[in-house]
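Just below is one structure, and these are the notes that go with it.
Counting starts at 1 for both ligands and their atoms, in listed order. The figures that follow rest on heavy atoms only: side chains count, while hydrogens, waters and symmetry mates do not.
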Amino acid sequence: FMSAQEKVDPFSLVADELQVVANRLRSMVTAEVPVLAMAAEYFFKLGVEGKRFRPMVLLLMSTSLMTSPSHGLQDLIFDDLRLRQQRIAEITEMIHVASLLHDDVLDHADTRRGISSLNHVMGNKLAVLAGDFLLARASVALASLRNTEVVELLSQVLEHLVTGEIMQLSVEDKDMSNMDYYMQKTFYKTASLMANSCKAIAVLAGQPEDVALLAFNYGRHLGLAYQLVDDALDYTGTTKTLGKPALSDLGQGIVTAPVLFALKEFPEMSKLIQRKFKTVTDINQAVEMVKESRGIAQTHALAAEHARKAVDAIANLPPNPSLHVQQCRRALIDIAHQVITRSK
Ligand code: FPP
Ligand code: MG
Ligand code: MG
C-alpha cells in the first residue's frame with residue numbers, strides 16, 4: 001500500500017504509457033522518400049528520444065485532472081479521452097523536436113542529445129525541411145482531434161516559438177538589458193509550449209476555464225523555471241554533461257538571466273552586451289563577471305520562484321480523493337522541484 005505523500009518517481013508512474021507514445025511517434029514520422037524518412041526519424045530513434053519530459057508532464061497532468069475517482073491504471077490507457085490526450089503529448093513532442101532541428105541550424109550547433117545534430121550530419125537544408133515535415137505531421141494529428149480550441153492553442157505555440165526566436169535574434173539596443181524583455185522572450189521560446197499543451201489536456205477533458213488556467217499556469221511557470229535553469233547551466237555545465245554545447249549563449253551574443261543579474265554588480269558588462277560579446281576576450285570577461293557575481297545564484301532563485309508558482313497551481317486544483325490522482329499531482333510537484341535542481 002502506498003500513500004500519496006510517499007515519493008514515487010514521476011517517470012515510473014507513466015513509463016509504460018510513454019513507451020506507447022514513443023512507438024506511436026516513430027510511426028507518425030515515417031516518410032515516403034528515404035532521405036526525408038531518415039531525417040525526420042533522427043531524434044525519435046531508440047536511445048535518442050531524450051528525456052520525454054513534455055509527454056511525461058502531459059500524461060501526469062491528464063491524470064491529475066481526472067474527475068472520476070473510479071479509474072484504475074490499466075483501463076485508462078485505452079480510454080478514449082486518454083487516447084486523445086496522448087495525441088497531445090505526441091504533437092507536443094513533434095513540435096518540440098521540430099523546433100530543435102530548426103534551432104540547431106540557427107545556432108550552428110553540432111551536437112544534440114549527445115549525438116551529432118541533424119544539420120551537422122545532413123546539412124542545413126535537410127534539417128530545415130525535416131523540421132517542416134514534423135510540423136506538417138503534427139498539424140495533421142492536431143486536426144484529427146476535431147477540436148478547434150485545441151488547434152488554436154497549439155497553433156499559437158508555433159507563432160510564439162518563432163516570435164521568441166526572433167526576439168532573441170534581433171534585439172533592439174533598448175531591450176538588450178531588459179529583464180522583462182528576456183522573460184517575455186523566454187515565455188515565447190520555451191514556456192508557451194508547456195503552458196498551452198497543458199491547457200490543451202484540460203480543454204480536451206472538458207474542464208472549466210479556471211481549471212484549464214491552473215493547467216496553463218503550471219506549464220507556464222514550469223517552462224520558465226526550466227529555461228532559467230537551462231540558461232544558468234550554459235555557464236556551469238560542460239558539453240559532456242549537457243550533451244550539447246556549453247557557453248553557447250554568449251558566443252551568439254545572447255543575453256540571458258545570469259548576465260542580466262551580473263550587470264547589476266558589474267556596470268562594465270553593459271558595453272560587452274552592446275557589442276554582443278564580439279571577441280573571445282569579451283566572452284571571457286563576461287564569463288568571469290558572471291561567475292564573480294551572484295548572477296547564477298539569482299537566476300536559480302528566480303527559477304525557484306517560478307517552480308513554487310507551478311506547485312501552487314497544482315495545489316489549487318479541485319480536491320480529489322483518488323490515490324492515483326493524488327500521486328500524479330504529487331509527481332507534478334516533484335517535477336517542479338527536480339527542474340530547479342537538475343544539472344543537465
Ligand atoms: C532552443 O533554445 C530553442 C527553442 C526552444 C525554440 C526554437 C524555435 C525556433 C527555431 C523557431 C522555429 C519554430 C518551429 C515551430 C519549428 P536554445 O538554443 O536556447 O536551447 P539549446 O541549448 O537546447 O539549443
Ligand atoms: Mg540552441
Ligand atoms: Mg537557440
List ligand 1 atoms under 4.0 Å from [X], heavy atoms only on the residue side.
{"X": "Arg112", "value": "21 (P), 23 (O), 24 (O)"}
{"X": "Leu161", "value": "6 (C), 8 (C), 11 (C), 13 (C), 15 (C)"}
{"X": "Asp107", "value": "18 (O), 24 (O)"}
{"X": "Leu158", "value": "15 (C)"}
{"X": "His102", "value": "10 (C), 12 (C), 16 (C)"}

More than 12 foreign heavy atoms under 6.0 Å from [atom1] of [X]: is that the case here?
{"X": "Arg275", "atom1": "CZ", "result": "yes"}
{"X": "Gln338", "atom1": "CD", "result": "yes"}
{"X": "Lys278", "atom1": "NZ", "result": "no"}
{"X": "Glu209", "atom1": "CD", "result": "no"}

Apex the Mg ion (ligand 2) - arms OD2 from Asp107 and OD2 from Asp103 - angle rounded to 10°: 100°
Using the rule side chain to side chain contact (heavy atoms under 4.5 Å, CB included), only one of Val259, Leu228, Ile254, Val171 pairs with Tyr182; which is it?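 Testing Tyr182 for a side chain to side chain contact (heavy atoms under 4.5 Å, CB included) against Val259, Leu228, Ile254, Val171 leaves exactly one candidate, Leu228.
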[X] side-chain N/O to [Y] backbone N/O, donor-acceptor pair under 3.5 Å:
{"X": "Thr30", "Y": "Arg26", "value": "no"}
{"X": "Thr63", "Y": "Val325", "value": "no"}
{"X": "Glu165", "Y": "Lys189", "value": "no"}

Protein contact to atom 20 (O) of ligand 1 [nearest heavy atom, distance to 0.1 Å]: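 Atom 20 (O) of ligand 1 sits closest to the protein heavy atom Asp103 OD2, 4.0 Å.
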Nearest heavy atom to atom 9 (C) of ligand 1: which of His160, Met94, Glu165 does it belong to?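 The residue whose heavy atom sits nearest atom 9 (C) of ligand 1 is Glu165.
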Atom 4 (C) of ligand 1: which of Gln168, Gln227, Lys189 has the nearest heavy atom? Lys189
Under 4.0 Å, heavy-atom basis, I'd like to know which part of Leu106 is in contact with ligand 1: side chain, backbone, both or neither. side chain
Any heavy atom of [X] closer to ligand 1 than 4.0 angstrom?
{"X": "His96", "answer": "no"}
{"X": "Ile95", "answer": "no"}
{"X": "Ser99", "answer": "yes"}

